[in-house]
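What follows is a single structure, written as C-alpha cells, with notes after it.
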Amino acid sequence: MVVVAYHPGQLQSVALLQVMFVEACVELNRLKAAARAVRQLGLATEFPNVDALYRQRSLSRLVNRRLWQVALSFVGNDMPLQTQLVQDMADAGELALAEEYRKQLRLPESLLAFDPGQVAAREAARREQYLQLDLPPAAVLFVDDAIGLCEAAQLLHGSGAVGLDVEWKPSHTAGVTSPAALLQVANRRVVVLFDLLRLALSAPVALDACLGPLLASPYITKLGFEVAGDLTKLANSWPFVRAFRDVQRVLDLKPLWVEYGLITRYQGASARILASVGLSTLCKAVLGKPLDKSQQMSDWTVRPLSSRQTEYAALDALVLPRLFDAMSLVLGPERQQQLLERHLMSFSRAVPSIAQTSPAVLEWDAALNAANSCTAAGGDRVGAAAATTIDAASVKQSDIATAALSSCHSQNGIGQIQCGNAGAGNNHNTTAGETDIAMPAEGTNNFHSSTEPGLPRVLTLLQQHGLQGAYHRLDGTSAQAPGKGGLSTAATAVALGVPRACVAKTMAVMVDSVPWLVLTRGDQRIDTQGTQHSRPQQRHK
C-alpha cells in the first residue's frame, strides 16, 4: 500500500479544491454530482443544503413525469419531501390520490384543504378521460389462499380465450430485480388477480392445480401484449411452479394490431410506427379511450392493493380479450385465421438443472404429479376437477417451496443472467435452463442460455459490468450464426425477454480457445471495463 503524506499547506490546497469542485457543480446545476461529492468528501458543514436541493429536484422530475408511486418510495421518511409530494400531486389535479397518500404518510389533514366537490369533479373528469373497469365488484376476485384458488378455477372454467398480464415492483437499481408479484387472468366476464407472493410460497401445488390445466391447454388462447416478457418473468420468478413452465397457444396482440392499423389506416402510420405503439394507445385506437397508466410504476408488493391498483391491474387484463374481439371483427374470419396460424406460439422452460437433484424439488415434483393425476386430463376442462384437487394438494407446500427456492436462488451469483427492460421498470431474469418458443411461421428455434455454475469467469464479469445478455458456446459442431437455424432472432428475443427489434448487438468472447457467442439487447449500454485482465475459471464437471 502506498501512503501519500501531505504537509499542512498541501492539505489546505486539497480542501480548497474540493470546495471549489462542489461550488462548480452547483453553479452548473450538476446537483447529483455535487451531492455525491459532499457525502464522500465530508463537506456537509460547508454545503448543508446541497443534498436537500438535489432530492427536491429529483422529486420534481418524478412529479413532472407523474410517477407517483416511484416518488412515494423516493421521499421515504423525509417529512418535507413527503409534504412537497402530496402538495404537488394536488396541484397536478390528482386530488383523490393526494388524499390517499396523505393518509398513508400520516400527514396532518390541514395539509390538503380543498372542497370535496372539487375532488369529485376532478375524479369524474379522470373517469371520462380514461377507460374504466365496468365489471361489478363480485366479478373481480383477489386470490391469496387455496379456497380462493378453488373459486378461481370455477370462474375461469369454459373460457375460450383469456388475457394474461403480470405486475411486479419496479427496480431503480442496476442488476436488482423483484419477482412477479401479481398475475392477472381475465376472460370476457371475470378477472382473477393471483397474489403470487403468497400463493407461490404457501400454496404452490394448489396454484399449479388451478392454473396448470388452463395455461397448458391447447384449446384456450392466452392473449397478451408483448407477452413473451411476462411469461419469462413468471417462469424466472417462480421456476418451480410447473404451470409457469409450460404455456400453450399464446398469442401476442401486437401483430394483430399492426394488421388492424394498416387496414384502418390509423393516422396514416407505417407498420414500423404501429409496432412501437403501447397498450394504452392501442386501447384508444380500438376501444375509444386510453388506459390510465398512473399506477404502472406502483409498488406491487404492498398488501392490500389500493383501489386504484386493483382497478388498473384488472383492466390491463380485461382489455386484452376485448381488443382481440374488436380487431377480429375488422380483420374478418379469414384474415384472423391466417394471423393466428402465423403468430400462435408456445412457451416452455425446463427446471433449472442445479435444483433438479434437490430432495425438496423432487418432493415438490412428486406432489405436483400426484395433484395433476387427479385433475381433468382433457383440453379446456378447467373447473370442478381441478378445483377439487387443490385442497388435497396443499400438504407441506410452504416447506417444500421455501427449500426449493433456496436451492435455486443460492446460485444466483453465477447461474443467473439479468435481462432488463429499461425505462418501464420491467426487469427480467433468465434463470439457468432452456427457453423454447415455437413459432409456426419460422419453425422451432432453441436457444440455450449457458448459465450453469461453471460459466467462465469472463462471462460472469460481463454480466456484472452491464453486459446483460445470453451466452451460447460454439463447440465446432453447433457453431451457427443467429438466424441460420441455430440462434434465431425470435428465440434470442424470447430468451432476453425483449421485443425482436431490440436484439441488435452480438460479440464473441474466446475462453480457453473456445468461442462463446454473446447476444445482447440493442437498447443497452455495454460496459466491459474490468474484464480485460480476468482469467476464466475452470468449468465444473
Side-chain angles (χ1 to χ4, degrees), residues 127-135 139 156 158-166 184-191 217-231 247-293 296 311-347 380 437-442 490 493 499-501:
R127 291 184 172 276
E128 182 65 28
Q129 181 180 359
Y130 297 107
L131 278 176
Q132 298 301 309
L133 186 66
D134 55 5
L135 296 177
L156 296 173
S159 301
V162 294
L164 298 180
D165 191 45
V166 181
Q184 307 102 275
V185 181
N187 57 24
R188 295 170 177 85
R189 308 180 311 276
V190 298
V191 182
S217 171
Y219 306 103
I220 304 175
T221 305
K222 272 67 72 174
L223 304 170
F225 190 79
E226 297 182 346
V227 67
D230 286 339
L231 296 179
V247 186
Q248 301 296 317
R249 195 173 175 83
V250 180
L251 178 65
D252 196 319
L253 291 184
K254 181 163 282 191
L256 271 69
W257 154 247
V258 173
E259 187 74 14
Y260 173 93
L262 293 175
I263 290 177
T264 59
R265 298 183 179 180
Y266 177 72
Q267 296 184 352
S270 65
R272 180 179 179 181
I273 294 177
L274 292 171
S276 65
V277 163
L279 182 60
S280 180
T281 304
L282 172 56
C283 288
K284 182 179 180 180
V286 178
L287 302 179
K289 291 183 180 180
L291 292 172
D292 182 358
K293 306 297 286 186
Q296 183 177 26
E311 181 177 343
Y312 171 90
L315 197 55
D316 257 17
L318 182 64
V319 296
L320 296 171
R322 294 183 177 182
L323 287 169
F324 176 74
D325 292 342
M327 290 190 291
S328 296
L329 287 176
V330 175
L331 294 172
E334 183 177 351
R335 185 55 180 155
Q336 178 203 32
Q337 186 60 32
Q338 292 174 352
L339 291 171
L340 287 177
E341 293 175 358
R342 181 184 306 175
H343 295 290
L344 276 174
M345 59 185 180
S346 61
F347 175 90
D380 59 349
I437 292 287
M439 298 187 179
E442 301 181 11
R500 201 178 305 189

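Along the sequence shown, residues carry numbers from 1.
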| field | Criterion side-chain contact (heavy atoms from CB on, under 4.5 Å) on Val190 and Leu135, from CA distance to verdict | value | CA-CA 8 Å; Val190 298; Leu135 296 177; 5.8 Å; no

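- Between Leu279 atom CG and Leu253 atom CG the span is 8.5 Å, to the nearest 0.5 Å.
- Taking the salt bridge (charged side-chain N to carboxylate O under 4.0 Å, His left out) definition, one finds that Arg189 meets it with nothing, sequence neighbours left out.
- The structure places OH of Tyr260 at 9.0 Å from CG of Leu282, a figure rounded to the nearest 0.5 Å.
- A donor-acceptor pair is defined here as one N or O able to donate and one able to accept, closer than 3.5 Å; no such pair exists between the side chain of Asp165 and the backbone of Ala317.
- Every residue two or more places apart in sequence or in another chain was checked for a salt bridge (charged side-chain N to carboxylate O under 4.0 Å, His left out) with Glu334, and none qualifies.
- Contacts of Asp316 classified as salt bridge (charged side-chain N to carboxylate O under 4.0 Å, His left out), with partners at least two apart in sequence or in another chain: Lys293.
- Judged as a side-chain contact (heavy atoms from CB on, under 4.5 Å), and not counting sequence neighbours, the contacts of Asp292 are Arg126, Tyr130, Ser294.
- For residues 255-274, the set of pairs meeting the salt bridge (Lys or Arg N to Asp or Glu O under 4.0 Å) definition, not counting sequence neighbours, comprises Glu259-Arg335.
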(Q) What verdict does the side-chain contact (heavy atoms from CB on, under 4.5 Å) test give for Val191 and Val185, after you've listed the backbone C-alpha separation in whole Å, the side-chain angles of each residue and the deciding distance to 0.1 Å? (A) CA-CA 6 Å; Val191 182; Val185 181; over 6 Å; no

Item to complete: Using the side-chain contact (heavy atoms from CB on, under 4.5 Å) rule, take Leu256 and Leu251 through it: C-alpha gap first, then chi angles, then the decisive distance, then the call.
Response: CA-CA 9 Å; Leu256 271 69; Leu251 178 65; 4.1 Å; yes

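- Contacts classified as ring pair (Phe, Tyr, Trp, His ring centres under 6.0 Å) and involving residues 264-291 (residues at least two apart or in different chains) are given here: Trp257-Tyr266.
- Summarising the geometry of Ala271 relative to Leu262, their closest heavy-atom pair is N-CD2, 4.0 Å, with the distance given to 0.1 Å.
- Applying the side chain to side chain donor-acceptor pair (under 3.5 Å) rule to Gln132 yields the partners Arg127; only residues at least two apart in sequence or on another chain are considered.
- Taking every heavy atom of both residues into account, Cys283 and Leu131 meet most closely at CB-CD1, 3.7 Å.
- Under the rule for a side-chain contact (heavy atoms from CB on, under 4.5 Å), the partners of Lys284 that lie at least two apart in sequence or sit in another chain are Pro290.
- Judged by distance alone, the side chain of Lys254 and the main-chain N or O of Phe225 form no donor-acceptor pair under 3.5 Å.
- Legend: residues meeting salt bridge (charged side-chain N to carboxylate O under 4.0 Å, His left out) with Arg249, ordered by chain and number and at least two apart, are absent.
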Extract all donor-acceptor atom pairs below 3.5 Å that involve side chains of residues 320-333 and protein atoms in other chains or at least two apart in sequence.
| residue | atom | partner | partner atom | Å |
| --- | --- | --- | --- | --- |
| Arg322 | NH1 | Asp134 | OD1 | 3.2 |
| Arg322 | NH1 | Asp134 | OD2 | 3.2 |
| Arg322 | NH2 | Asp134 | OD1 | 2.9 |
| Asp325 | OD1 | Arg188 | NH2 | 2.8 |
| Asp325 | OD2 | Arg188 | NE | 2.7 |
| Ser328 | OG | Phe324 | O | 2.6 |
| Ser328 | OG | Gln336 | NE2 | 2.8 |

List the steps, then state whether side-chain contact (heavy atoms from CB on, under 4.5 Å) holds for Lys289 with Leu287.
CA-CA 6 Å; Lys289 291 183 180 180; Leu287 302 179; over 6 Å; no

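- Legend: residues meeting side-chain contact (heavy atoms from CB on, under 4.5 Å) with Ala269, ordered by chain and number and at least two apart, are Ile273, Leu274.
- Atom CE of Met345 sits about 11.5 Å away from atom CD of Gln248, to the nearest 0.5 Å.
- Between the side chain of Asn187 and the main chain of Val162, no donor-acceptor pair closer than 3.5 Å is present.
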